[in-house]
Every structure is written in structure tokens, then in C-alpha cells.
Protein chains: 2
Amino acid sequence: MNCSCEKCHIQEIFFKSINSNELDSFCGARTEKIIPVGTTFIKQGDKIRSFKYLKEGLIKLHRIDGVGNRQIISFGTPMDFVSIHNIFAEDTYSYSVTALETSTVCIFSIDIIKRLIKTNGKFAENLISTKSRASNRILSNSLDLISKSMYGKVASVILFFHEKIYFTMGFDLPISRKEIAEYTGLSIETVIRVISEFRRDGLIRVYGKRIEIIDKDGLISIYKHS
Amino acid sequence: MNCSCEKCHIQEIFFKSINSNELDSFCGARTEKIIPVGTTFIKQGDKIRSFKYLKEGLIKLHRIDGVGNRQIISFGTPMDFVSIHNIFAEDTYSYSVTALETSTVCIFSIDIIKRLIKTNGKFAENLISTKSRASNRILSNSLDLISKSMYGKVASVILFFHEKIYFTMGFDLPISRKEIAEYTGLSIETVIRVISEFRRDGLIRVYGKRIEIIDKDGLISIYKHS
DNA sequence: GTAAATATATGACATATATCATAAAGCAGA
DNA sequence: TCTGCTTTATGATATATGTCATATATTTAC
């Protein structure tokens, strides 16, 4: 198994810092895994034994918070998830990761990564940079939710999947209303009601999980002003 | 100017990875600055020209969010703030930093830090570790706020300053009600009302900025269950 | 020291949001 | 196909939270 993967976004980021010598031992130790929809492949509390990144697919990060509530932390594409958030900070994961779409995950020995950081400055720099951008994005989204009303929160979820994941006006939401509730901190009923209200106001069309954005500017305005 | 600072918490973390050779060039380039209360010494949008860490004091991270609202991101002691959140991710700061108490900040050339990361693997590892822990804490606090009611939010602020900053039952809040509002996403009036209610319920005593915790278990219970 | 600005406080009221109840629709398994 | 389980949906109602008005206390500027 080698690293010549067409679809690997991470490749460009990480591998440009690795010379052919290192690349050999690096890629030789790689394992690739297909994760079916709904599978939780990292569990909160598990010991961190490997370094994982998302090669393809869509995942959610979630946790049980300090007082026992289920909470979704963020949604991520290959650009968003590499499991270094905790590698050097803790020895167990502080969150779980579940596939929302069939996903491909690449797995490396954690020792190889640690060794690379110590011996390859360029790699360390790229890793810090990638990790910083990812956690800045997650934090920024989390902070955005704190100061918004139920309308702004639900609008931000719909706009997120439109602008960051699917890029089309019509798409199937990869999450349930309950998961939107777990992400926004709203109750399920409130999420459903706000979606219904958006539908009645002609902002979106809704058929179960399918969402079609009719008035994107209207949604953006709600996102900005509430 | 050298690095033999008694009060430097960072020293222990960073410097144990630096040999005496590197230490000389490192410490020779160090600048120390006293920051008076209320001074904003890092401004959102400013170009990142140096590497800063908090040697002593208390600061707040804050930002203008994507739609123009003032928002406090977190409060930090020396263990919480090193300005690497963005160093490799962006070339400008995405937040401002203001001193809540008279603080001491150490400043290094950013080039020295970048060079150290590239040439000293142990330093890179420690830096990643420190940064990870700091951003995990900030994210975790932010996530906590999303799913809490006004009572839980205000209780968490009071408990934060008690348990993480002052360690005593009585202390002067280093922030205004308005700043609590900017941190929690509540309105100022709501913050004031909740504090008054806590006072009337015998959980705390309040004299302006001074808070005295009477019923810590009660506060914790509110924090956990709302 | 005084005026102006800001911070704290509270009431009255409107709006936002949660909770409880109920029902229909979709979905998984026997 | 039937049965049970989960999801989506909506109404009725209670509670949480924001807004506006106003007053006092405190801080800041001169």
C-alpha cells in the first residue's frame, strides 16, 4: 500500500514536507479503512493509539459534556479532520467521531508521526498550521452559535451544508433534526418549528431530509441579524 | 536580559526542550513588557510580527464576529495564553487580547520561534502540546455555554473565576456585567437579573464587583442542571 | 469638585424558547 | 404484513430571555 492516492487532500499538505526516504517508511505503515454511515470510529475516552485523518467523506465530532449531555462539536470534511487535536495534549480522545457519509480514513502509527515531528521541521510546521486552521474553524463556529437566536442558529446550519459541503441549492441534510438540536443547543421541537417557519416563509422547501434553498439572501440576512 | 524569571510558567514548559546554545540566542532576543489594566496589546486584524506569551497576569481574548458583534472568547492566565493560535495558520490575528489585570508579556521574534520548531523536535512537540491543551480548554468552555440556560451560564462564569483564577470564596470580578454578557451571549439586563436572583436565593453575596460565594454546592448544582 | 459618561439595578412588557401532549410518517425487524 | 421504534410535525401552554424605560451608583474627564 502506498500514498499515491488521487483523492487525498491531506497528501498535498503533509507530504510536500516529506522527502522520498521518509515517505517510504511513512506510506509503508499506512492503513486505510472504509467507514460505513453511522459508524463511530473514534470513541470519547479511548486511548489514542494511532494518528487518523479523513481522506474522503463527512464526519461529525461529538461528545458527552461535563454534565452528561450529548453534544455535537462540529461537522467535518477531509480538510477539517485530522486527529491531532489531542495527540500531544491528552492520551485519550475527548470526543467521538462518527461517519455521516461513507468515509475513508487513513491510519498511521502515532510513533511515526511523533518521530516525524521531531526530525522534520517542515512537517511539524505544516502539522501545526493544519491543526491551527482546523481548530480555529471549529472554535469560530462554536462562538458564532453562542450569540445567535434560534433562527440564526438553524439558518447557520442550513447555510453551512450549502456553502461548505454540497455547494448546490438542493441537498439532503446528512443529519436529523435531533442532531441539529444537539449541535445548536436548541430543543428538537424548536428546530422543527424553525424549519417549518422557514418553509412557510418561502425561504426553503423541505421534503423530509431534503432541503432546497429558495431565498439564500433571506437566509443570510437571518443568519446575520439574528 | 535573560530568561531566569522566577515567575515564568512557560519557562518550564518550553525551555526544558532547549539546550544552552539555543537558549542563549533565544533569551537574548526576548523583550518583556508590562501591560496596564485595560490595555489591548493584540488587536484583531493586526499582522502577526512576534510571538507573545503571558508571563503574569490575566487577559481576555475577544473579537468582532462575522456579523459585527463584540464577543469575548475566553479569559486566560499564564497557562492559557501563548500567541501561537494563529502563527502558522494565518498572518493576522483573528482576535484581540486585553489585560484584565496588570500583566507581563514576553515577546520573541517570530523567526526565532519558527526556526526552533524546524530545528528542535522536542520544542515543536512541547509547543503543539501546550497549544493543543489551551485550545481544547477554550473550545470546551465555549461548547459548555451553548447548551446552558442563563442560570447555568452565569453560574459557570462565577465558578470559573473561583475555581480557576482566585481559589477563594470571595473575590473581585475582573470583568463588568456587560463583559459577562459579551461572553455568555446573554443581554446585560439578564446577567444583572440572574446575579440578583443568585443573591436573593442566598447563593452569593454581591457588593458591586465583589462576589462572595455562600453556597458553592448550590452554584455547582445550577451549573450542572441548567 | 463637578459634569458627563458608564455601570448596576429593577419593573413592565413582549418575544423567544422549552415542555408536554398528540399524531402522522417513515423505517427496521419478526 | 404487522409491530414497534424513531423521526417529523404541530398545538397548547409555561417558562426563559430580550427590550425598553427609568433610577441610582460609580467611574472618568476636565
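Below, read A as the first sequence line, B as the second, and so on, with proteins coming before strands; counting in each chain starts at 1.
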Worksheet item: Can A:D144 and A:R137 be counted as an ion pair, charged N to O under 4.0 angstrom?
Response: no
Fill in: Separation of C:dT10 C1' from B:R177 CZ (nearest whole Å)
14 Å
Fill in: Whether A:F171 and A:Y166 hold their rings parallel, tilted or perpendicular, with breakpoints at 30° and 60°
parallel
Pull out every protein N or O sitting under 3.5 Å from an N or O of nucleotides 25-30 of chain D, one pair per line with the distance.
none

Discussion item. Can you give me the bend angle of the helix from C:dG1-D:dC30 to C:dA30-D:dT1? Use the axis through the first five pairs and the one through the last five, nearest 10 degrees.
Written reply: 60°
Worksheet item: Is the distance from OP1 or OP2 of D:dT8 to the nearest side-chain N or O of A:K209 less than 4.0 Å?
Response: yes
Item to complete: With sequence neighbours excluded, tell me which residues meet side chain to side chain donor-acceptor pair (under 3.5 Å) with A:T98.
Response: A:T40, A:H62
Worksheet item: Can you name the residues that form a ring-ring contact (aromatic ring centres under 6.0 Å, His included) with A:Y223, not counting sequence neighbours?
Response: none
Worksheet item: Are A:E212 and A:R210 within salt-bridge range, i.e. N to O under 4.0 Å?
Response: yes
Discussion item. Holding to side chain to side chain donor-acceptor pair (under 3.5 Å), I want the full list of residues that pass it with B:K148, two or more places apart in sequence or in another chain.
Written reply: none
Worksheet item: Which residues pass the salt bridge (charged side-chain N to carboxylate O under 4.0 Å, His left out) test with A:K216, sequence neighbours left out?
Response: A:E163
Worksheet, complete the sentence: Note: contacts of residues 142-152 of chain A with DNA chain C (heavy atom, under 4.0 Å) are A:S149, A:M150
Fill in: Nucleotide C:dA9, atom P - distance to CG of B:L173 in whole Å
11 Å
Item to complete: Using atom CD1 of B:I180 as one end and atom P of C:dA9 as the other, report the distance to the nearest whole Å.
Response: 10 Å
Worksheet item: Considering residues at least two apart in sequence or located in another chain, which fulfil the side chain to side chain donor-acceptor pair (under 3.5 Å) criterion with B:T39?
Response: none
Practice prompt. Starting from P on D:dT6, measure out to CZ on A:R70 and report it in whole angstrom.
Written response: 13 Å
Worksheet item: Any Lys/Arg nitrogen of B:E32 or B:R30 sitting under 4.0 Å from an Asp/Glu carboxylate oxygen of the other?
Response: yes
Discussion item. Check this for me: does any side-chain nitrogen of one of A:D172 and A:K209 sit under 4.0 Å from a carboxylate oxygen of the other?
Written reply: no
Fill in: Length of the line joining A:K153:NZ and C:dA16:C1', which is rounded to integer Å
11 Å
Please report, to 0.1 Å, the donor-acceptor pairs under 3.5 Å made by any side chain of residues 195-208 of chain B, with sequence neighbours excluded.
residue, atom, partner, partner atom, Å
B:S196, OG, B:I192, O, 3.0
B:E197, OE1, B:Y151, OH, 3.3
B:E197, OE2, B:Y151, OH, 3.3

Worksheet, complete the sentence: For residues 104-113 of chain B, the side-chain hydrogen bond (donor to acceptor under 3.5 Å, both in side chains) pairs (sequence neighbours left out) are none
Fill in: Set of residues satisfying side chain to side chain donor-acceptor pair (under 3.5 Å) with respect to B:S187, sequence neighbours excluded
B:T190
Item to complete: Strictly below 4.0 Å, heavy-atom distances to any atom of DNA chain C: list the hits from residues 184-205 of chain A, or just say none.
Response: A:G185, A:L186, A:S187, A:E189, A:T190, A:R193
